[in-house]
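Report on one structure; see the data block that follows.
Within every chain, numbering begins at 1; the chains are lettered A, B, ... in the order of the sequence lines, protein sequences first and strands thereafter.
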Protein chains: 2
Amino acid sequence: MTTIRDIAEKSGYSISTISRALNHSGYVSATAQAKIEAIVKELNYVPNAIAQDLSTGSTHNIGVVLPDVNHPFYTQLIKGMLDAAFDSEYHVTFLPSAYDQELERHYLEQLRRKVYDGLIFTSRALALSELATYLQFGPVVVCEDPGSIKIPAVFSYRESAYQAAFAYLKKKGARHIAFTFSRPEPISATSKAVMRAYLKYYCVPADQRNIVAYVNTYQEGYDAAQQFVKDNVMIDYLFANSDDVATGARQYYLDHGLPVPGLVGQEYQVSSMLLNIPTIDHHLDVVGREAFRMVTAQHLATTRLAVQSDFILRQ
Amino acid sequence: MTTIRDIAEKSGYSISTISRALNHSGYVSATAQAKIEAIVKELNYVPNAIAQDLSTGSTHNIGVVLPDVNHPFYTQLIKGMLDAAFDSEYHVTFLPSAYDQELERHYLEQLRRKVYDGLIFTSRALALSELATYLQFGPVVVCEDPGSIKIPAVFSYRESAYQAAFAYLKKKGARHIAFTFSRPEPISATSKAVMRAYLKYYCVPADQRNIVAYVNTYQEGYDAAQQFVKDNVMIDYLFANSDDVATGARQYYLDHGLPVPGLVGQEYQVSSMLLNIPTIDHHLDVVGREAFRMVTAQHLATTRLAVQSDFILRQ
DNA sequence: TTAGCAAATGAAACGGGTTCCATGGCAATA
DNA sequence: TATTGCCATGGAACCCGTTTCATTTGCTAA
């Protein structure tokens, strides 16, 4: 490999001058600049990025911790981040965590170790307060409402969209609503928000049998419906955590000759267009883009940004 | 930041011994090991990864060049790669290219610059021969059949599945088939393979008006159908490049009260389950996984691996 | 002519590890 | 007792840039 010292030797200039010429930092004569550039071209020299990183102390690499790539939630976030990275000078590295605490700690340590210039947590198993202790080593941004914890955050504000959805259901005369969630209520802020909105319009908490958690895919939606039927849960509406889940459930009812409940989906997926069901767009691409911008911003104040979700009633 | 020299100073041992102790490279007494470990813990020391990278010359980072994150093709590939990366010591960085040649060259240069230990090209705008010239700087794996070009490759072998599909269509009595593609025929090997299989069963090349390219999403499928109708193209079957595209097209016909043609999708998406249409599974997660394994393999022979696609006839 | 100053250049330190090689101590073998 | 050889250890080179600071060169103004 050609190094900057090779260029120095061949050109007769010192490595300092070469470095200055390459980085256009000034204090290089036109003669020197031309000569150096010619030799760089001749030897087909490119600076070693690792050496530059060591010298400058930054890698231009942002780590994005995500539990699961399959879920539409993360697919959309990823898209937003990649878009933002595209016209920045940073790269994005995806770090699958599967909600493993040890693994998440490992990634945090990587921040200390300077593997990444910053970290984005799209979801997490660790406590927010633990994440916050790593802020001294570099920017850490989370994609959820951090409440009272002081940590930069970008997240979708779901309350009003959820309320709009339940107002709609109430108006439609829905009485027995079932729910599917990605993660059960105690852990997940999202499911809490849903139940809060539900409570506001229906005044009594939902029966636990009307709730199935760990549902993410079409197939799991299908299975959830099966469970409702098996448990003899009578419902006239299903409030699903994604459009694909909603359509999976629908299929179960169809396959078994049962009446299909009304459906409300989320995430604005193709399947909701197909079935023409209402859905909720959480604009996760925007959340991803802004989280990326925040983590790469020069001055990371303890900012937080809420992106408003939209309830989309088709036709 | 605590450095290895701090540990050396505090422990009374030399940095060589510290390094050996940390890496368990032997030649360290039990006494020294214990003392060093204690001090490492006390000072909460973690080695700087960039310095290690510079010293060892590798970053444990694999770059994955992809034109588009949205397309199911890449979504599935990504999933496979992340799965493989998960239990390896490597990270994955996604490099969006939008089929920009300059950008792709830039990424290749990053390989020379040691930003990545290896590159995977899921698709590309550059000539394979140009990619191959970078093999001297590190492993480069492509996700397509490279033909006579000597470059490591992992790709789906589609011929037999396509043939099965057209055999099925022929048997069903399909006469006028339309096609959608992600990229038009001259560029894309995939579309060439489709047309080859079609020709085998239908003996005459398809009418150009029956082909629409640059179709990837539900909406673009909808638009493609519109174009067929506008061009007065009569079809009894649509051979789409993804299930979502097929369902988008279907919707157009429905929306306009037109008879819906028979559909064949690809990529085994949720929408094909929903509509119960035949599809083709290209097992792109496997392709992604194997590509990742290949690029991180110790000895990168000029290997190639073909993963067989499956025609899936539902029910 | 010379002081004064800016521009151009280079030596060396620095970032923080890994690793080669030399050295010293000590036990087993001849 | 002298030799051999292994183990533990440290010094220093190495990876390859950036940056600080000192020095030299060249020009302008007095």
Side-chain angles (χ1 to χ4, degrees), chain A residues 1-37 39-40 43-61 89 109-117 137-138, chain B residues 1-37 39-40 43-61 89 109-117 137-138:
Chain A
M1 285 290 78
T2 341
T3 74
I4 201 171
R5 282 158 232 270
D6 297 331
I7 309 290
E9 202 168 327
K10 182 139 189 177
S11 68
Y13 288 99
S14 71
I15 52 169
S16 340
T17 303
I18 311 296
S19 177
R20 276 192 299 265
L22 290 171
N23 295 307
H24 301 280
S25 354
Y27 299 106
V28 174
S29 67
T31 327
Q33 185 78 35
K35 189 163 179 187
I36 289 166
E37 279 175 10
I39 290 174
V40 162
L43 298 186
N44 198 10
Y45 165 79
V46 280
N48 179 308
I50 311 179
Q52 287 182 319
D53 289 348
L54 179 60
S55 217
T56 59
S58 96
T59 58
H60 298 281
N61 206 340
E89 56 194 3
E109 284 297 305
Q110 304 279 308
L111 184 64
R112 283 186 68 198
R113 298 193 55 201
K114 304 278 180 191
V115 176
Y116 307 112
D117 280 5
F137 304 114
Chain B
M1 283 290 78
T2 340
T3 73
I4 201 170
R5 284 159 231 269
D6 297 330
I7 309 291
E9 201 168 327
K10 183 138 189 180
S11 69
Y13 289 98
S14 71
I15 52 169
S16 340
T17 303
I18 311 295
S19 176
R20 276 192 299 264
L22 290 171
N23 296 306
H24 300 282
S25 356
Y27 301 105
V28 174
S29 67
T31 327
Q33 184 77 36
K35 190 164 178 186
I36 289 166
E37 278 175 11
I39 292 175
V40 162
L43 298 186
N44 198 10
Y45 165 80
V46 281
N48 180 308
I50 311 180
Q52 287 182 319
D53 289 348
L54 179 60
S55 217
T56 59
S58 96
T59 58
H60 298 282
N61 206 340
E89 56 195 3
E109 284 298 304
Q110 303 279 311
L111 184 64
R112 283 187 67 196
R113 297 193 55 199
K114 303 278 180 194
V115 177
Y116 307 111
D117 281 4
F137 303 114

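Of the side-chain N and O atoms in B/Tyr45, one or more sit less than 4.0 angstrom from OP1 or OP2 of C/dG17. Taking side-chain N and O atoms only, B/Gln52 has no distance below 4.0 Å to OP1 or OP2 of C/dG16. Within the 4.0 Å cut-off from OP1 or OP2 of D/dT18, at least one side-chain nitrogen or oxygen of A/Asn23 is found. A close approach under 4.0 Å does not occur between any side-chain nitrogen or oxygen of A/Ser55 and OP1 or OP2 of C/dG15. Contact annotation: B/Ser14 side-chain N/O to D/dG10 OP1/OP2 distance is under 4.0 Å.
Using a 4.0 Å heavy-atom cutoff across all strands shown, B/Ser19 reaches at least one base atom of the nucleic acid. Using a 4.0 Å heavy-atom distance criterion, A/Asp53 is classed as making no nucleic acid contact. Looking at heavy-atom distances under 4.0 Å, B/Thr3 makes contact with sugar-phosphate atoms alone, never a base. Residue A/Ala49 is out of contact with every strand shown, counting any heavy-atom pair closer than 4.0 Å.
A/Thr56 contributes no side-chain N or O that forms a donor-acceptor pair with the base of D/dG17 under 3.5 Å. Judged by atom type and distance alone, B/Arg20 reaches the base of D/dG10 through a side-chain donor-acceptor pair under 3.5 Å. Interface remark: the A/Ser29 side chain does not form any donor-acceptor pair with the C/dA7 base, using a distance-only criterion of under 3.5 Å.
We find that OH of A/Tyr27 is positioned 15 Å from P of C/dC5, with the value rounded to whole Å. Between A/Tyr13 atom OH and D/dT24 atom P the separation is 18 Å, expressed in whole Å. If you take CG of B/Leu22 and P of C/dT19, they are 12 Å apart, rounded to a whole angstrom. Atom P of nucleotide D/dC16 and atom CG of A/Asp6 are separated by 9 Å, given to the nearest angstrom. Atoms CD1 (B/Ile15) and C1' (D/dC14) sit 11 Å apart, rounded to a whole Å. Separating the NE2 atom of A/His24 from the C1' atom of D/dT18 is a distance of 16 Å, rounded to the nearest angstrom. Across the protein-nucleic acid pair, A/Ile50 atom CD1 and D/dT18 atom C1' stand 16 Å apart, rounded to whole Å. Distance B/Ile4 CD1 to C/dC14 C1': 16 Å, rounded to the nearest Å.
Interatomic distance, B/Ile4 CD1 to B/Ile18 CD1, rounded to the nearest 0.5 Å: 6.5 Å.
Residues B/Ala51 and B/Thr17 each lie close to DNA chain C; by heavy-atom proximity, the contact nearer the 5' end of the strand is made by B/Ala51. DNA chain D is contacted by both B/Gln33 and A/Ile18; B/Gln33 maps to the nucleotide lying nearer its 5′ end (nearest heavy atom per residue).
B/Ile50 pairs in a side-chain contact (heavy atoms from CB on, under 4.5 Å) with only one of the listed residues (A/Arg113, A/Gln52, A/Lys114), which is A/Lys114.
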Practice task
Could you walk me through whether B/Asn61 and A/Asn61 pass the side chain to side chain contact (heavy atoms under 4.5 Å, CB included) test, one step at a time?
Solution key: CA-CA 10 Å; B/Asn61 206 340; A/Asn61 206 340; 3.1 Å; yes
Handout entry: Worked verdict on A/Ser19 versus A/Leu22 for side chain to side chain contact (heavy atoms under 4.5 Å, CB included)
Key = CA-CA 5 Å; A/Ser19 177; A/Leu22 290 171; 5.8 Å; no
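Relative to the ring axis of A/Phe137, A/Arg112 places its NZ or CZ within 45° and under 6.0 Å from the centre.
Checked by atom type and distance alone, the side chain of A/Ser11 never pairs as donor or acceptor with a backbone atom of A/Ile36 at under 3.5 Å.
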